[in-house]
Amino acid sequence: MAAARVDKQGIPAYIMGPRLVLMLSVLALTLLGFVMIYSTSSVIALASASADAVATVDPMADTLSQIKFAVAGIVIALVVWKFVPYSIWRGNLVWAVWLLAFVLLVATMFSGAGEDEWGAQRWLVLGPASLQPSEFAKIALVLVAARLFDDFREGALSVPQFFVMVFLLVLAPVLVILGPQSDLGTAMICVVGILAVMWLGEVPARTMLIVVGVVVALGLVGILGTEYRRERLMVFLNPWNDGEGGYGNGYQLIHSLYALAGGGLFGVGLGNSHEKYLYLTQSDTDFIFAIIGEELGLVGALAVIALFLLVLWAGMRIARTAPDNFGTMVAGGCTIMIVFQAFLNIAMVMGWFPVVGKPLPFISSGGSSLIATFIMVALILSVSQGAVDDSLAPARRRADLRVVRAEPDEPRSGGSRGGAGTGGSGRAGRRGGSASSAPSGGIGWDAVSSRSRRGDNADAGRSGSSGSSARRGRR
C-alpha cells in the first residue's frame with residue numbers, strides 16, 4: 001500500500017487538500033461579495049440621498065462596514081480554529097452556548113427590542129449595534145444536536161431522555177424562530193442542519209423518513225396557516241398575478257427575473273446593472289445574486305454556484321476524515337447548513353422557491369450572517385485540525401523514542417571460550433540483556449519509550465525466563 005503524500009509539516013494530502021479548497025473558496029466568495037456590495041450599495045446610497053446631500057454621501061460606507069465585519073469574523077474564526085479543539089463542544093461548554101443563543105432569541109421575542117421587517121421580527125437592537133440572534137442560534141443547534149446524538153449512540157442517554165432533550169434543546173428553539181419571530185427561512189435552515197446531523201449520525205432510514213414527513217407537514221402548516229406566507233406562495237407560482245398587475249407582492253421577483261434575463265451569457269459588465277437603480281430592492285442583501293447574474297452573466301452566476309459546490313465537497317471530505325463521529329456530525333452539519341442556505345437564496349432569486357428573505361452566504365451585505373458563517377467555517381476547520389493531530393500522533397510517538405545503549409557482560413576468567421559464551425548468554429538473560437545480544441562488537445541497542453519506563457523489571461523477568469530455558473536445553 002503506497003504511503004500517503006504529505007506536505008512539509010507532515011500533514012497528509014487527503015487532509016490538507018480539502019482544507020485548502022474550503023479556505024480558497026470562502027476567500028473567493030468573500031472578495032466577490034465586497035465587489036458586488038460596492039456595486040449595488042454605492043448606487044443605493046447616492047440615489048437615496050437628497051440633491052443637497054449627494055456631495056457628502058460616502059459610496060464606500062456599506063462596503064467598508066462589510067469589510068470590518070469580515071475582519072471581525074475572520075479573527076473569531078482563527079481563534080476557534082487554532083485554539084478551540086472541536087472536542088471541547090462534547091463538554092459542558094456547549095450548554096452555555098445553547099443557553100446564550102436561547103436567551104437572545106427570547107429577548108428578541110419579548111423585550112420589545114426586535115424590529116418588524118418584512119413580516120419577521122428578527123433583529124435585536126443593543127444600543128448603537130444590532131444583531132440577528134437566529135444566525136448564531138443555527139450554530140448552537142448543530143452543536144447540541146451532534147452532542148445529543150453522540151451521547152445516545154454511546155448509551156449515555158436512554159430513549160425517553162433522548163427524546164425529551166431533543167424536544168427541549170433542539171425543537172423548542174426552532175419553534176421560537178418559526179413562530180414568534182416568523183422566520184421561516186432560518187427555521188428551514190436549522191431543520192436541514194439537524195437532519196444532516198441525523199444522517200451523518202447514522203440514524204436508521206425509517207426514522208429519518210418519519211422525521212422528514214413530520215417536518216414537511218409542519219412546514220406546510222406554517223406556510224398555509226399564515227396569510228402573508230400564503231400570498232408569497234401564490235406570487236411565487238405566478239408573480240404577475242399578484243392582484244396589482246405585478247406591482248404588488250410579485251414586484252420584487254419580477255425585477256429579479258428581469259435582472260437575470262438581462263445579463264445574458266457574459267453580463268452587461270461590472271457596475272452596469274440597470275435593476276440596482278432602485279428597481280430591485282434589497283439588491284445588496286437578499287437579491288444580490290440577481291445583480292451578479294445581470295452584471296457578470298450566466299458565466300458569473302455559474303462560477304458562484306461552482307464555488308459553493310466546492311465548499312460542499314471540501315466540507316464533506318473533512319467530515320469524512322474526522323477522528324470520531326461527533327466531528328463528522330459537526331463538520332457535515334455546518335457544511336450542509338451553509339450550502340443549503342446558499343442554494344435556498346439562489347432558488348428564491350430565480351423564482352424556484354417562495355421569497356424567504358435569507359442572504360447569500362459570504363456575499364450578501366450583513367454582519368450577523370457573515371460572522372456566524374465564518375464561525376461555522378472555523379468549526380469545520382477545527383475538525384480538520386483534529387484529523388491532523390490524529391494522523392500525526394503515531395509519528396510523534398515514534399519521534400519521542402529514546403535509544404538506550406546496553407553494555408555487554410564481561411566474560412569470566414578461566415572459562416572455556418564456549419562456556420564463556422554460553423554463560424555470558426545466560427548472565428545476559430538474568431541481567432536483563434537480550435539473549436540475542438550484540439555480535440563481536442558487544443554493543444546492543446534497545447528502543448525504549450520515554451512515556452513508559454516500565455522496561456527494567458519486565459525485561460529482567462522475560463530475560464530470566466529465557467535464560468532458564470537455555471539452561472534446561474543444555475541439560
Q: For side-chain contact (heavy atoms from CB on, under 4.5 Å), just list the numbers for Met36 and Leu270, CA-CA rounded to whole Å, side-chain angles, deciding distance to a tenth of an Å, and then say yes or no.
A: CA-CA 8 Å; Met36 299 310 302; Leu270 190 62; 3.9 Å; yes
Q: For Ile194 and Val142, run side-chain contact (heavy atoms from CB on, under 4.5 Å): C-alpha distance rounded to whole Å, both residues' side-chain angles, the deciding distance at 0.1 Å, then the answer.
A: CA-CA 6 Å; Ile194 295 167; Val142 167; 6.0 Å; no
Q | Backbone N/O of Ser273 and side chain of Glu295: donor-acceptor pair under 3.5 Å | A | yes
Q. Any Lys/Arg nitrogen of Glu294 or Lys276 sitting under 4.0 Å from an Asp/Glu carboxylate oxygen of the other?
A. no
Q) Are any non-hydrogen side-chain atoms of Asn249 and Glu244 less than 4.5 angstrom apart? A) no
Q: Would you name the heavy atoms of Ile380 and Ala331 that are closest together and state the gap between them?
A: CG1-O, 3.9 Å
Q: Grab the two heavy atoms, one from Val170 and one from Leu141, that are nearest each other, plus how far apart they are.
A: O-CD2, 3.8 Å
Q) Given Ile336 and Trp199, is the side-chain contact (heavy atoms from CB on, under 4.5 Å) satisfied, shown in steps? A) CA-CA 11 Å; Ile336 292 175; Trp199 170 56; 4.1 Å; yes
Q. Which heavy atom of Ala137 sits nearest a heavy atom of Ala101, and at what distance?
A. CA-CB, 4.0 Å
Q) Which class fits the ring pair Trp98 and Phe102: parallel under 30°, tilted 30 to 60°, perpendicular over 60°? A) parallel
Q: Measure the shortest side-chain to side-chain distance between Leu296 and Leu32 over non-hydrogen atoms and say whether it is less than 4.5 angstrom.
A: yes
Q) Any side-chain heavy atom of Thr285 within less than 4.5 Å of one from Pro359? A) no
Q: Mind checking the CD-CD1 spacing from Glu275 to Ile254? Nearest 0.5 Å is all I need.
A: 11.0 Å
Q) Do the side chains of Gln181 and Thr108 get nearer than 4.5 Å, heavy atoms only? A) yes
Q | Atom pair CD/CG of Gln132 and Leu104 - distance to nearest 0.5 Å | A | 12.0 Å
(Q) I'd like to know if the side chain of Gln385 reaches the main chain of Pro85, judged simply by a donor and an acceptor atom lying under 3.5 Å from each other, with no hydrogens or angles considered. (A) no
Q) Rounded to the nearest 0.5 Å, what separation is found between the CG atom of Leu143 and the NZ atom of Lys138? A) 13.0 Å
Q) Are the aromatic rings of Phe149 and Phe162 close, with centres under 6.0 Å apart? A) yes
**Q.** Whether Ser382 side chain and Val84 backbone form a donor-acceptor pair below 3.5 Å
**A.** yes
Q. Where is the tightest heavy-atom contact between Ala387 and Pro323, given as atom of each residue plus distance?
A. N-CG, 3.6 Å
Q. According to the interplanar angle, ranging from 0 to 90°, do the rings of Tyr86 and Phe326 count as parallel (below 30°), tilted (30 to 60°) or perpendicular (above 60°)?
A. parallel
Q. How about Arg147 and Met329: do any of their side-chain heavy atoms sit closer than 4.5 Å?
A. no
Q: Mind listing the closest non-hydrogen atom pair of Ser368 and Leu131 along with its distance?
A: OG-CA, 3.3 Å
Q) Heavy-atom distance under 4.5 Å between the side chains of His274 and Val268, does that happen here? A) no
(Q) Let me confirm one number: the CZ-OG1 distance from Phe69 to Thr30, rounded to the nearest 0.5 Å. (A) 14.5 Å
Q. Roughly how far apart are Leu200 CG and Leu195 CG, rounded to 0.5 Å?
A. 11.0 Å
Q: Among Thr186, Asn345, Asp286, find the residue that satisfies the side chain to side chain donor-acceptor pair (under 3.5 Å) test when tested with Lys358.
A: Thr186
Q) CH2 of Trp352: more than 12 outside heavy atoms within 6.0 angstrom? A) no
Q: Kindly indicate whether the side chain of Met316, heavy atoms from C-beta on, has any atom under 4.5 Å from the side chain of Pro18.
A: no
Q | Glu135 CD to Thr373 OG1 distance, which is reported to the nearest 0.5 Å | A | 6.5 Å
Q | CA sep, side-chain torsions, deciding dist, call: Gln252, Val355, side-chain contact (heavy atoms from CB on, under 4.5 Å) | A | CA-CA 9 Å; Gln252 184 80 348; Val355 176; 5.6 Å; no
(Q) Would the distance check show the side chain of Thr321 and the main-chain N or O of Arg317 forming a donor-acceptor pair, the cut-off being under 3.5 Å? (A) yes
Q. Hey, is CH2 on Trp313 packed in by over 12 heavy atoms from elsewhere, all under 6.0 Å?
A. yes
Q | Residue pair Asp62 / Ser41: nearest heavy atoms and the distance that separates them | A | OD2-CB, 3.4 Å
Q: Evaluate the side-chain proximity of Ile338 to Phe362: yes if any heavy-atom separation is below 4.5 Å, no if none is.
A: yes
